[in-house]
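We name chains A, B, ... by the order of the sequence lines, and we start the count at 1 in each one.
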Amino acid sequence: MANEPLPPFSSSVRLKYVKLGYQYLVNHILTFILIPIIVGISIELARVGPDEILSLVRFLNDLDLIYVMSTLFLVIIVGTVYFMSRPRPVYLVDYACFRPKPNFRVPFSTFLEHARLVPQFDERTVRFQVKILERSGLGEETCLPPANHYIPPTCSMAAARSEAELVIFSAIDELLNKTGMRPKNIDILIVNCSLFSPTPSLSAMIVNKYKLRSNILSFNLSGMGCSAGLISLDLARDLLQAHGNSNALVVSTEIITPNYYLGKERAMLLPNCLFRMGAAAVLLSNCRRERSRAKYRLTHVVRTHKGADDAAYRCVFQEQDSEGLTGINLSKDLMAIAGDALKSNITTMGPLVLPASEQLLFLFSLIARKVFKAKWKPYIPDFRLAFEHFCIHAGGRAVIDELQKNLQLSDQHVEASRMALHRFGNTSSSSLWYELNYIESKGRMKKGDRVWMIGFGSGFKCNSAVWKCLKTIKTPVDGPWSTSIHRYPVDIPAVVKVL
Amino acid sequence: MTVSVETRRSRVTVYAKSTAPSLTPVKPGKTHEFTALDHSMSRHSVHLVCYYRQEPTVTMTALKESLCDVLSYYPAMTGRLVKNEGDGCGEWMVKCNDAGVRMVDARADTTLDEFLASATDEEERQLAYWEDVGSDPYLWSPYCIQFTDFKDGSMAVGISCTHFHADPTCVAVFARAWSETHRRALVTCPPFFHPWAFYPRKNPVPSSPHLSEKSTIPPPLHPPAMSSVTFAFSASSVRQCLADLQLSNLSPFDALASLLWLRISSYKSASLGTAQLTLAVDCRRRMSAPLPLGFYGNALHFFGVKADLSSGWIHIASELNRHVSGIKEDDVWSSVEWLHERSKEKAFQMYGPELTCLAWDNVPVYNAEFSPGAIPVHVGCRIGNAQGEGLVVIMAGAPGEGEEARTVIVTLPTDLTAQIYRDEAILKYGPKIMFSPNI
């Protein structure tokens with residue numbers, strides 16, 4: 001995707017107003033066509049006297065009853081078919097994020113001290129981790145699970161299970177409290193956790209803890225990377241189309257405990273430095289009565305999988321290093337592959353969400369380049385017209401920078417992602433929900449706003465979800481940002497000196 | 001530390017080490033400077049162990065959480081040692097880099113009562129895990145907190161730290177602040193960071209004959225193996241001591257310190273003559289501008305007391321009383337100024353190598369109540385690296401035993417310890433003997 005900025009003449013004021021005028025014209029074309037028609041009819045009605053109207057009414061009365069009834073029934077049947085074939089709306093009733101206790105905090109100095117004290121890391125490895133941490137965009141309040149605070153980390157299965165219980169149960173408890181939903185009323189349960197997949201699954205753990213119904217539809221998605229949260233949403237949406245009047249609980253998390261890499265391979269050390277503890281629980285519903293208290297409605301989900309390409313498939317790869325230690329290998333062309341996946345995703349997303357004005361411009365530009373072989377740069381549609389808020393997966397500073405450049409977003413658009421990365425670190429699939437909560441906590445979410453959630457993950461996948469806000473969210477918001485929102489946004493320097 | 005006979009296997013097992021951060025991040029760039037007194041104590045370490053009965057709120061997890069909470073008030077504790085680049089006092093200072101304090105988890109294979117009745121000196125030492133500074137002081141936590149679970153759910157909390165940072169009073173006040181934070185009560189003695197408290201006066205008179213003499217003593221080539229024994233004197237035993245002394249103005253400290261001095265010296269050499277005892281006294285309250293109890297750092301004044309041991313116990317006790325009550329503030333300032341002059345030089349051993357006594361019974365130590373009303377069953381305090389002729393620590397006893405009750409921890413060369421805890425003159429007063437060496 002060519003990312004050069006548009007030529008300088010486009011920033012002149014006159015062209016800006018031309019562009020605005022064009023947008024209003026094309027996006028409201030129906031209104032513009034209807035107005036002359038209405039005016040015409042009104043003038044006609046005004047011209048025609050009351051006698052002509054009466055004669056028209058008498059004419060209608062003389063029609064056979066059968067014609068009238070058939071027309072009426074036809075209208076009713078068409079209307080019914082139309083309403084029944086519409087997809088069921090999927091409402092987001094509420095969501096809750098895990099709030100890590102500050103005693104699990106990992107300041108940079110503690111992280112590096114542990115890296116030095118653990119015998120498996122040599123000097124080169126420690127220096128690399130220092131460099132990563134300094135440029136990571138993380139803050140001093142990110143949290144790691146209890147097992148990672150030990151020297152050396154005690155990564156047992158029991159510790160992983162207890163971390164899972166801690167994060168998942170806190171998020172679900174908070175969600176059930178906020179919504180007043182009784183566990184027996186949950187019909188669908190979907191859990192996604194990429195790197196920890198015990199038997200019985202985490203979804204079985206939740207069914208056991210909350211005594212969910214025996215005919216619950218439970219799913220556990222593992223190994224699907226950081227974009228699995230949106231995959232779970234897509235699955236929930238499809239299930240809610242098949243089952244009416246249902247509630248779905250979607251839990252997104254990543255369990256850090258079993259995945260601390262104790263080897264020397266540099267490409268595998270990044271997750272140690274960036275991944276942090278987090279979880280989110282989301283309640284979706286297609287019940288009509290939830291419409292009044294639901295916060296958002298899910299309008300689109302677009303999933304793009306680039307796994308057919310070998311380079312994309314091997315981009316984020318869990319494997320054993322030369323010493324037999326398992327870690328996640330991040331390849332050097334991660335950013336390029338991410339950009340490519342994003343391009344595919346927005347090519348599909350564009351026609352669904354962009355206003356007609358942008359689509360027409362894109363079409364003209366495409367025709368000009370392909371058919372008339374004009375030497376124009378490919379037109380990048382302005383997604384800021386389609387969305388008010390952006391939640392970009394806080395995978396790392398580089399990911400956010402790349403997306404900001406590709407989509408030409410302002411600093412305020414990516415502020416939620418940067419601040420969530422600073423405060424909570426890379427919490428994998430749940431990071432989108434922390435970012436959404438940031439936007440709400442800042443009081444920026446108004447009724448009618450559209451939110452674009454973009455997730456990237458191993459595979460290589462790029463998934464998007466589009467939400468429409470159904471009611472203005474009032475501050476203060478009770479959530480993971482309650483204790484720290486007043487300190488944000490902060491200015492994050494490019495390099496934080498640790499030592 | 002060698003023991004002459006077969007050692008019983010210790011019942012204390014350390015199984016995990018971790019780090020506790022403070023709850024609130026420390027502002028970057030914060031530092032803490034040491035005083036001359038702090039630098040002088042850098043060769044020693046303090047170990048305080050408090051024992052608690054089982055309480056529902058006193059669990060390892062809950063204590064770790066409240067530890068993180070109280071550390072927010074003590075940024076100096078979570079910092080690391082760095083070289084003092086400026087012209088401040090001494091070679092080292094603390095960079096408050098928010099690295100946290102070390103925590104150690106342990107378990108003891110016995111119940112609390114059984115342990116208090118039968119544990120050896122070595123086992124009590126293992127309740128306060130300590131690692132000396134290794135090759136890189138920047139990675140070394142100056143504090144180490146050990147949590148030991150007993151079989152019956154009781155808990156022992158061991159706080160070890162370098163004497164560089166804090167003296168025993170400071171550690172006891174920290175324990176109290178921690179317990180108050182745990183109970184969600186008001187912290188009565190918040191820490192007071194004021195390294196300028198012991199800056200030399202405008203017209204300094206640096207002079208300390210006692211310390212000058214100590215600094216010239218060469219360190220012993222083969223320091224003897226040391227072991228300790230604890231005597232817990234109840235109020236009635238102390239009152240009996242005082243009654244035997246027949247002088248009305250003596251304090252429990254005078255009686256017990258003189259008794260031990262006499263008995264230890266009599267075992268060291270058959271003939272008694274004039275001898276010198278080094279006393280260490282907390283001087284927070286003795287300054288004309290008294291330092292608050294929460295003053296973070298060292299405030300111990302070391303001075304020598306000479307007495308003729310052959311003149312009898314009563315004479316020794318009254319000499320001690322005279323010297324302790326007669327400490328002049330000028331003497332304290334003079335020795336601080338003398339230490340300040342030589343602060344850039346290598347520190348020498350302060351507790352020892354001659355016989356030393358720490359007068360610590362005026363500081364309340366049984367007030368670290370993690371659960372309301374649940375005071376520690378027992379509190380012990382040790383000083384690390386006090387090799388030589390020995391160290392006697394006299395501290396307050398359990399409140400249940402009475403106001404005059406005292407706990408005396410005697411650290412001596414191993415063969416002397418074996419004799420002292422069988423000494424008739426001391427056993428006459430019926431102290432409870434705890435944590436004797438493994439013999």
Heavy-atom cut-off 4.5 Å, strictly under: side chain, backbone, both or neither for Leu117(A) against chain B? side chain

Does the gap between the ring centers of His165(B) and Phe34(B) come in under 6.0 Å? yes

Residue among His114(A), Glu141(A), Arg105(A), His149(A) with most heavy-atom pairs under 4.5 Å to chain B: Arg105(A)

Under 6.0 Å from the six-membered ring centre of Tyr15(B) and within 45° of its axis: does the NZ or CZ of Arg107(B) meet both? yes

Report which part of Asp105(B) has an atom under 4.5 Å of a heavy atom belonging to chain A: side chain, backbone, both, or neither. side chain

Please flag which part of Thr24(B) lies under 4.5 Å from any non-hydrogen atom of chain A: side chain, backbone, both or neither. backbone

Could you grab the distance from atom CG of Asn97(B) to atom CD of Glu140(A), nearest 0.5 Å is fine? 9.5 Å

Does the structure place the NZ or CZ of Lys264(A) under 6.0 Å from the centre of the six-membered ring of Phe121(A), at an angle of no more than 45° from the ring's axis? no

